[in-house]
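To start, the structure under review is shown below, and the notes come after it.
Worth saying up front: this structure is predicted, and the values here are computed from it rather than measured. Order of appearance sets the numbers: ligands from 1, and atoms from 1 within every ligand. Counting begins at 1 with the first residue of the sequence.
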Amino acid sequence: MVPDEPGPDAGNRWSRAADRWLPTRAGRRTNLGLLGLLLIAGGTGVLGFAVGTPTAGRVIAVAHGAAGLGLLLLLPWKAVVVRRARRRPASRRAPSAAYWLTGLVAVVLVSGVLHSAGAAGVWATSGTPIAALQVHVGATIVLVFVLGVHVWGRRQRPRVADLDRRVLLRTGVLAAGSLALWVAGEAVWRATGTPGADRRGTGSLERGTDEPDAMPVTQWAGDTVPQSAGTVVEVVAGGRREQVPVADLDGRDTARALLDCTGGWYATQDWAGTTLARLLTDRFGADVLADPGHSIEVTSVTGYRRRFPVRDAHTTLLATSAAGEPLSVGHGAPVRLVAPGRRGVWWVKWVTRVELVESPWWLQPPFPLQ
Ligand SMILES: Nc1nc2c(c(=O)[nH]1)N[C@H]1C(S)=C(S)[C@@H](COP(=O)(O)O)O[C@H]1N2
Ligand SMILES: [Mo]
């Protein structure tokens, strides 16, 4: 690490010793490398919440972890850039955004590593532990704003010359080094037997498989458990509508499926209810699902909603029970969606309405707004 210098006097002994050992060619490429890693980490972080399938989820989670850890590899170079900036007259020095940035990146990195180690909570306020992952996401949101300010002030346009062979080679070395750090981290979790060793590909930890009561009750940002949910589901397609009593949905179809919450936990249950395909085709005929450009919108009594491609209709269940017991209120009673292969945010609870709509499923916010 770089010894903290007292001021702009560059000539002292520490500084000269450091100059000899530290990388000499630090500069815009270091900054571009850091920005690239941050963008990869941020992008894969958001994608990781959207993707629910194991293989894609794993690739994204590994890229996310490696990009985050890769920042550490560029630290010695960045230290030189910072040291140089500190020698400039005070008026031209980095404003305090840079210090905030350093602190925030540290919080994001440490909370990310804690989560991957399997830490359930980092501290408790009034008995509810705040998950490391919540700190990670919260600090990232603040980081995005501060980083925006910091980068905007010192925009550096990539040049064609940045694509020479040496740079490509270094990029490869950085990528390999980042991956190696990630692998080393996993090896440590394994060797020490931390809970993080048993993470799912998405990074989630197991909580309450085959025991719905032990499974966490989780709300997406801002939604709350309703006082009461109706006992009828309104089913709509092509201008026709039917009121379906929830009792009619009981146990006609079953699925053993895994709920993986972006909050960092997962559980597998035996769910029972009725598939969306059966619900719709029984009432409106087989043709109702024929157009692949259509989608199925599932709405909660709270207003929370998600739209699904019609191809999902055969695997997606309106479930009324888990592990042979009726759902609890927290888990979506009397009826909730079970969407195998999709992250928890898609599993709409307290369903009141299922509608076949003529627009495609991707015409919706990537995450619920409620
Ligand atoms: N209506 C509604 N459904 C919802 C949510 C919500 O906030 N409101 N949260 C979703 C999220 S993020 C997850 S992970 C699962 C959690 O289901 P559980 O509380 O039964 O464990 O429900 C999903 N369904
Ligand atoms: Mo979730």
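Residue-ligand proximity, Trp265 to ligand 1, at heavy-atom distances under 4.0 Å covers atoms 21 (O). For ligand 1, the atoms lying closer than 4.0 Å to a non-hydrogen atom of Cys261 are 14 (S). Ligand 1 places these atoms under 4.0 Å from at least one heavy atom of Pro216: 18 (P), 19 (O), 21 (O). Every atom of ligand 1 is numbered from 1 in the order shown, and the set under 4.0 Å from a heavy atom of Ser300 is 1 (N).
Using a 3.5 Å distance cut-off with no hydrogens or angles, the side chains of Trp265 and Thr218 do pair a donor with an acceptor. A donor-acceptor contact closer than 3.5 angstrom is absent between the side chains of Thr275 and Arg252.
A cation-pi arrangement is present between Arg342 and Trp361 under the rule of less than 6.0 angstrom and at most 45 degrees off the ring axis.
With sequence neighbours excluded, no residue forms a side chain to side chain donor-acceptor pair (under 3.5 Å) with Thr274. Qualifying salt bridge (Lys or Arg N to Asp or Glu O under 4.0 Å) partners for Glu234, counting only residues two or more places apart in sequence or in other chains: Arg241, Arg353.
Closest heavy-atom approach to atom 5 (C) of ligand 1 within the set Tyr304, Trp347, Trp346: this belongs to Tyr304. Counting heavy atoms only, Arg336 comes closest to atom 17 (O) of ligand 1 of the residues His331, Met215, Arg343, Arg336.
Aromatic ring centres of Phe308 and Trp346: separated by under 6.0 Å. Two rings, from Trp347 and Trp271, have their centers less than 6.0 Å apart.
With a 4.0 Å cut-off on non-hydrogen atoms, Thr302 touches ligand 1 through its side chain and not its backbone. Proximity of Phe49 to ligand 1, defined as any heavy-atom pair under 4.0 Å, is not found for any part of the residue.
The distance criterion of under 3.5 Å between nitrogen or oxygen atoms is not met by Leu259 with respect to ligand 1. Between Trp220 and ligand 1, at least one pair of N/O atoms sits closer than 3.5 Å. Considering backbone and side-chain N/O of Asp223, one or more are found under 3.5 Å from N/O of ligand 1.
Taking CG from Leu258 and CD from Glu206, the interatomic distance works out to 9.0 Å, rounded to the nearest 0.5 Å.
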